[in-house]
Amino acid sequence: MNKNIKTLIYIYGVRIYTAVISIVLIPFIIDKVGIEAYGLIGFFTVLQACLSILDAGIGGVITREAITSQSSYESFSRFNGLYKKVIAIFLAIALLIIFVGWFTSVRYSNSWLQTKLDHQVVITCSFMMFIIFSLRYIQGPFRSIILANESQIKLTTINFIAITISQPVAFILIKLLDKGIVFYFLTQLFSAVVSCAMMIYYSEKIRKKIYAGLLEK
């Protein structure tokens with residue numbers, strides 16, 4: 001079978017897996033954590049939708065610039081100067097999100113969410129949501145480098161690992177260990193840390209490879 005067809009099947013297979021596993025597990029997670037606690041997961045889903053707003057198209061610009069700058073060592077060096085500034089901006093915004101998340105979780109989480117859950121549980125889960133959001137947000141520039149190198153397999157594999165940890169693995173652990181909503185968000189946090197670390201590792205590996213290739217020219 002053609003390599004491109006295999007790649008396409010793998011990419012769409014992971015996308016279908018992501019959609020199906022997320023839907024199929026909903027009733028089982030509700031049954032385990034309770035409908036009241038599942039409301040926090042719903043809020044978390046809405047929060048994740050804001051990622052595209054904060055990106056503001058910067059990811060696409062970085063991807064395009066990374067591709068066009070590979071014509072020479074000098075142009076790629078200039079791109080890297082811009083790239084590092086973008087990372088610094090993303091990091092600053094991510095830290096701001098964490099600070100705002102901590103402040104709003106402590107002060108307003110219960111009044112926002114109108115839940116009967118324990119106050120400390122709501123604060124803990126809300127704060128973890130913002131940390132997870134920040135970790136996924138900071139991945140943006142690194143994801144762009146991977147996309148620029150057309151490493152769709154790597155990116156899809158990272159997504160596959162992240163969704164597997166955050167959904168089926170999370171549910172299995174909650175069921176086996178008899179844990180609740182706080183543990184669910186801990187697994188989401190772990191998933192975000194793993195995907196963020198992998199994204200940074202592979203993007204930096206690609207950048208070094210490009211630099212090495214341009215030096216040889």
Side-chain angles (χ1 to χ4, degrees), residues 1-35 37-64 66-67 125 128-129 131-177 179 181 183-203 205-206:
M1 190 183 290
N2 187 284
K3 184 180 178 181
N4 289 335
I5 295 176
K6 288 182 179 179
T7 300
L8 196 62
I9 290 172
Y10 177 64
I11 291 170
Y12 277 95
V14 172
R15 288 184 180 179
I16 293 169
Y17 163 77
T18 300
V20 170
I21 204 72
S22 299
I23 295 170
V24 168
L25 285 179
I26 288 175
F28 298 101
I29 293 175
I30 290 175
D31 180 63
K32 193 61 189 172
V33 303
I35 191 67
Y38 193 80
L40 291 175
I41 300 176
F43 176 70
F44 177 58
T45 303
V46 173
L47 188 64
Q48 297 308 297
C50 298
L51 272 174
S52 58
I53 298 173
L54 280 180
D55 179 78
I58 295 175
V61 173
I62 295 173
T63 302
R64 185 177 65 251
I67 294 170
C125 292
M128 280 196 286
M129 288 181 203
I131 297 174
I132 296 164
F133 182 90
S134 298
L135 286 169
R136 290 181 178 171
Y137 174 72
I138 198 65
Q139 293 175 30
F142 303 103
R143 181 188 296 273
S144 296
I145 295 294
I146 297 175
L147 283 172
N149 197 57
E150 297 183 356
S151 301
Q152 292 287 354
I153 294 292
K154 282 189 178 69
L155 201 55
T156 302
T157 301
I158 292 171
N159 292 337
F160 173 76
I161 292 171
I163 194 67
T164 300
I165 294 172
S166 66
Q167 295 299 324
V169 171
F171 172 70
I172 291 168
L173 289 176
I174 288 170
K175 192 169 181 63
L176 290 177
L177 301 175
K179 298 292 184 178
I181 192 64
F183 187 81
Y184 173 85
F185 279 107
L186 280 173
T187 57
Q188 304 308 302
L189 179 58
F190 178 70
S191 172
V193 169
V194 169
S195 62
C196 189
M198 291 180 71
M199 205 77 75
I200 293 171
Y201 171 77
Y202 283 114
S203 65
K205 190 175 180 180
I206 288 168

Q: Measure across A192 and R136 and return the closest heavy-atom pair with its distance rounded to 0.1 Å.
A: CB-NE, 4.3 Å
Q: List in chain and number order the residues that pass side chain to side chain donor-acceptor pair (under 3.5 Å) with Q188, two or more places apart in sequence or in another chain; answer none if no residue qualifies.
A: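 By the side chain to side chain donor-acceptor pair (under 3.5 Å) rule, Q188 matches no residue at all.
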Q: Go through the structure and list residues passing ring pair (Phe, Tyr, Trp, His ring centres under 6.0 Å) with Y184, not counting sequence neighbours.
A: none
Q: List the steps and the verdict of side chain to side chain contact (heavy atoms under 4.5 Å, CB included) for L40 and M129.
A: CA-CA 9 Å; L40 291 175; M129 288 181 203; 3.9 Å; yes
Q: Please round to the nearest 0.5 Å and tell me the distance separating atom CG of L8 and atom CD of Q152.
A: 10.0 Å
Q: If the condition is salt bridge (Lys or Arg N to Asp or Glu O under 4.0 Å), which residues does K154 pass it with, not counting sequence neighbours?
A: none
Q: Donor-acceptor pairs under 3.5 Å, side chain of residues 158-177 to any protein atom, not counting sequence neighbours: which ones?
A:
residue	atom	partner	partner atom	Å
N159	ND2	L155	O	3.3
T164	OG1	Y17	OH	2.9
T164	OG1	F160	O	2.7
S166	OG	A162	O	3.0
S166	OG	I163	O	3.3

Q: Name all residues meeting the side chain to side chain contact (heavy atoms under 4.5 Å, CB included) criterion together with S144; count only those two or more places apart in sequence or in a different chain, and write none if there are none.
A: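 If we apply the side chain to side chain contact (heavy atoms under 4.5 Å, CB included) test to S144, skipping adjacent residues, the hits are I62, T63.
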Q: How far does CE of M128 sit from OG1 of T187, to the nearest 0.5 angstrom?
A: 9.0 Å
Q: Can you confirm whether more than 12 heavy atoms, excluding those of K32, are under 6.0 Å from its NZ atom?
A: yes
Q: Enter the distance from I206:CD1 to F142:CZ here, rounded to the nearest 0.5 Å.
A: 12.0 Å
Q: So, using side chain to side chain donor-acceptor pair (under 3.5 Å) as the criterion, who are the partners of S191 when residues are at least two apart?
A: none
Q: Which residues pass the side chain to side chain contact (heavy atoms under 4.5 Å, CB included) test with I26, sequence neighbours left out?
A: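 Per chain and number, I26 pairs via side chain to side chain contact (heavy atoms under 4.5 Å, CB included) with I30, Y38.
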Q: Evaluate the side chain to side chain contact (heavy atoms under 4.5 Å, CB included) criterion for residues T156 and R15: first the C-alpha distance (whole Å), next the side-chain angles of each, then the deciding distance (0.1 Å), finally the verdict.
A: CA-CA 8 Å; T156 302; R15 288 184 180 179; over 6 Å; no
Q: What distance do L25 atom CG and D31 atom CG have between them, rounded to the nearest 0.5 Å?
A: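 Those atoms lie 12.0 Å apart.
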Q: About how many Å separate SG of C125 and CG of L189, when rounded to the nearest 0.5 Å?
A: 11.5 Å
Q: With sequence neighbours left out, write down each residue that passes side chain to side chain donor-acceptor pair (under 3.5 Å) with T157, or none if nothing qualifies.
A: Y10
Q: Test side chain to side chain contact (heavy atoms under 4.5 Å, CB included) on I138 and I200; report intermediate values, then the result.
A: CA-CA 10 Å; I138 198 65; I200 293 171; 5.7 Å; no
Q: Show the nearest heavy-atom pair for residues V33 and I181, with the distance to one decimal.
A: CG1-N, 4.2 Å
Q: With side chain to side chain contact (heavy atoms under 4.5 Å, CB included) as the test, would you mind laying out the steps for F44 and F185 before giving the verdict?
A: CA-CA 10 Å; F44 177 58; F185 279 107; 3.7 Å; yes
Q: What closest approach, in Å, do S195 and Q139 show between heavy atoms, and which atom pair accounts for it?
A: OG-NE2, 3.0 Å
Q: Taking side chain to side chain donor-acceptor pair (under 3.5 Å) as the definition, give me every residue that meets it alongside N149, ordered by chain and number, with sequence neighbours left out.
A: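 With neighbours one apart ignored, the set is S151.
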